[in-house]
There are 2 protein chains.
Amino acid sequence: MGVSEREAWAKREAMCPHRLVLEHVTSRWGVLVLDALLDRSYRFSELRRQIGRVNKVSEKMLAQTLQTLERDGFVHRDAKPVIPPRVDYSITPLGREAAEQVRALARWTDVRMDDVERARAAYDAARESTSL
Amino acid sequence: MGVSEREAWAKREAMCPHRLVLEHVTSRWGVLVLDALLDRSYRFSELRRQIGRVNKVSEKMLAQTLQTLERDGFVHRDAKPVIPPRVDYSITPLGREAAEQVRALARWTDVRMDDVERARAAYDAARESTSL
DNA sequence: CAGCATCCTTTGGGATACTG
DNA sequence: CAGTATCCCAAAGGATGCTG
C-alpha cells in the first residue's frame, strides 16, 4: 500500500466515521466484491476473474479493496500456509448484512433503468432545444 | 462543466449503465443531497449550507451533483425567472425510492459502527504484533 | 443568488516489476 | 499463487473570478 498512502487514508478517518464505511461498501470495487462473496467464497485470482467478467479490476485495487473490507469486518481472509500460497476470502455475518442491502440497491437501479433513461432523454432534449 | 469533462463523462456511459446510476446515488455528495431533499425542498445556497453543516461541499461539486441527479430523474429543478434568481430543488417520486434505500444503508452503517470499530481494532492489533 | 469557466492540487487507479 | 512497491497518468474535487 505504501506509507504516504496509509497516512492520507488515516487522515480521512477523522471525519464522520460511518460515512467512510458507506464509501467502502459502495465503492467501485467494494460493490462487486461483496456481491460476489454473497454467493460463495473465492480465492484471490478466482475472485479477480469472476469480477473481471464484467469490469476489469487490477490486482492492486482488488487487494486494496479486500484489505479495507477485511479491516471493517465485512470480509474474512483465510491464508493457508502452503506452497504455492492459497488464500480464501469469504463474507462475514456483518458483511452479509451490508452486501444484501447493496445488492438490493443495485437491483433497484437495474429495475428502474428504463425510468432513468427516459428522464435522461427528456433532460437532453430540453437542453438541445434551448442551446440551438 | 467544461467540454472535455463532458466528453470523458459521456465515454463512461458506455459500460454497464446501471452501475453508473448506482455510483451517482452513492457518490460522496449524491448521498447527502438525496438525504437532505428527502425531508424537504431547498434552494441552492440553502442546500449548500445544510450539507455543509457536516461536510463542506464546493459550489462546483454541488451544482454538478444536482445536474447529474436531475438528469437521472431523481431531482426536480424549479428555476423561477426573477431577479435575483431563485432555484428550488426537490426530490421526485423516483428519487424518493432511491433516497430511502440510501438512507437505510447509511443508517445501517451508523448502527453497526461499533462492530466495525471493534473489527478494526482487532485487525490493527493483529498487524501490530506481527510487524514488531 | 445561482451558477459557469479556469486553474491547480489531490486522489484513484492502472502497468509493471519484484518477492515469499 | 498472492501479493507488495513504484511509477505514472487520468479523474475528482477545491479555489477563485466572472456573469445574468
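Residue numbering restarts at 1 for every chain, and letters A, B, ... go by the order of the sequence lines. Computed from a predicted model, the values in this text were never measured in an experiment.
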- Message: Test side chain to side chain contact (heavy atoms under 4.5 Å, CB included) on A:Phe74 and A:Ile91; report intermediate values, then the result.
- Response: CA-CA 6 Å; A:Phe74 299 144; A:Ile91 203 155; 5.7 Å; no

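Using a 4.0 Å cut-off between charged side-chain N and carboxylate O, A:Asp78 and A:Arg86 make no salt bridge.
Ranking C:dC4, C:dA2, D:dA2 by closeness to the A:Ser45 side chain, first place goes to D:dA2. Closest to the side chain of A:Arg77, out of C:dG14, D:dG3, C:dG3, is D:dG3. Out of D:dC1, C:dC1, D:dT4, the shortest distance to the side chain of A:Glu59 is found at D:dT4. For A:Ala63, counting side-chain heavy atoms from C-beta on, the closest listed nucleotide (C:dG3, C:dG14, D:dG3) is D:dG3. Looking at the side chain of B:Arg43, the nearest of the listed nucleotides C:dA2, D:dG14, D:dA2 is C:dA2.
Contacts of A:Ala79 classified as side-chain contact (heavy atoms from CB on, under 4.5 Å), with partners at least two apart in sequence or in another chain: A:Arg77, A:Val87. Partners of B:Arg103 according to the salt bridge (charged side-chain N to carboxylate O under 4.0 Å, His left out) rule, which considers only residues two or more places apart in sequence or in another chain, are B:Asp35, B:Asp39. In this view, A:Arg112 and A:Trp108, A:Asp115, B:Leu94, B:Glu97 satisfy the side-chain contact (heavy atoms from CB on, under 4.5 Å) rule, not counting sequence neighbours. Scanning for side-chain contact (heavy atoms from CB on, under 4.5 Å) contacts around B:Ser41 gives B:Ser90, with sequence neighbours left out.
Put simply, A:Arg28 has no side-chain N or O that comes within less than 4.0 Å of OP1 or OP2 on C:dG12. Look at A:Arg49 and you won't find any side-chain N or O under 4.0 angstrom from OP1 or OP2 of D:dA2.
The CG-P distance, from A:Asn55 to C:dG13, rounds to 12 Å in whole Å. As a whole-Å value, the separation of A:Leu47 CG from D:dC1 C1' is 14 Å. Distance NZ (A:Lys80) to C1' (D:dG3): 17 Å, rounded to an integer number of Å. One can place OH of A:Tyr42 at 20 Å from C1' of D:dG3, the figure rounded to the nearest angstrom. Following rounding to the nearest Å, B:Lys60 (NZ) and C:dA2 (C1') show an atom-to-atom distance of 17 Å. Counting to the nearest Å, the P atom of C:dG13 and the CD atom of A:Gln67 are 15 Å from each other. Rounded to whole angstrom, the span from the CG atom of B:Leu66 across to the P atom of C:dA2 amounts to 11 Å. Between A:Gln64 atom CD and C:dG14 atom P the separation is 10 Å, expressed in whole Å.
Shown for residues 82-92 of chain B: residues whose heavy atoms fall under 4.0 angstrom of DNA chain C, namely B:Pro84, B:Pro85, B:Val87, B:Tyr89.
Under the 4.5 Å side-chain heavy-atom criterion for ILVMFWY residues, a single connected hydrophobic cluster contains both A:Met113 and A:Val31.
A distance-only check finds a donor-acceptor pair linking the side chain of A:Glu46 to the backbone of A:Arg43 [under 3.5 Å].
Axis angle between the ends of the helix from C:dC1-D:dG20 to C:dG20-D:dC1, five pairs each and rounded to 10 degrees, works out to 40°.
Across all strands, A:Arg48 comes closer than 4.0 Å to no nucleic acid atom at all (heavy-atom distances).
The local environment of NZ in B:Lys80 is crowded, with over 12 non-hydrogen atoms from other residues, nucleotides or ligands closer than 6.0 Å. For CZ of B:Arg53, the number of neighbouring non-hydrogen atoms (other residues, nucleotides, ligands) closer than 6.0 Å is 12 at most.
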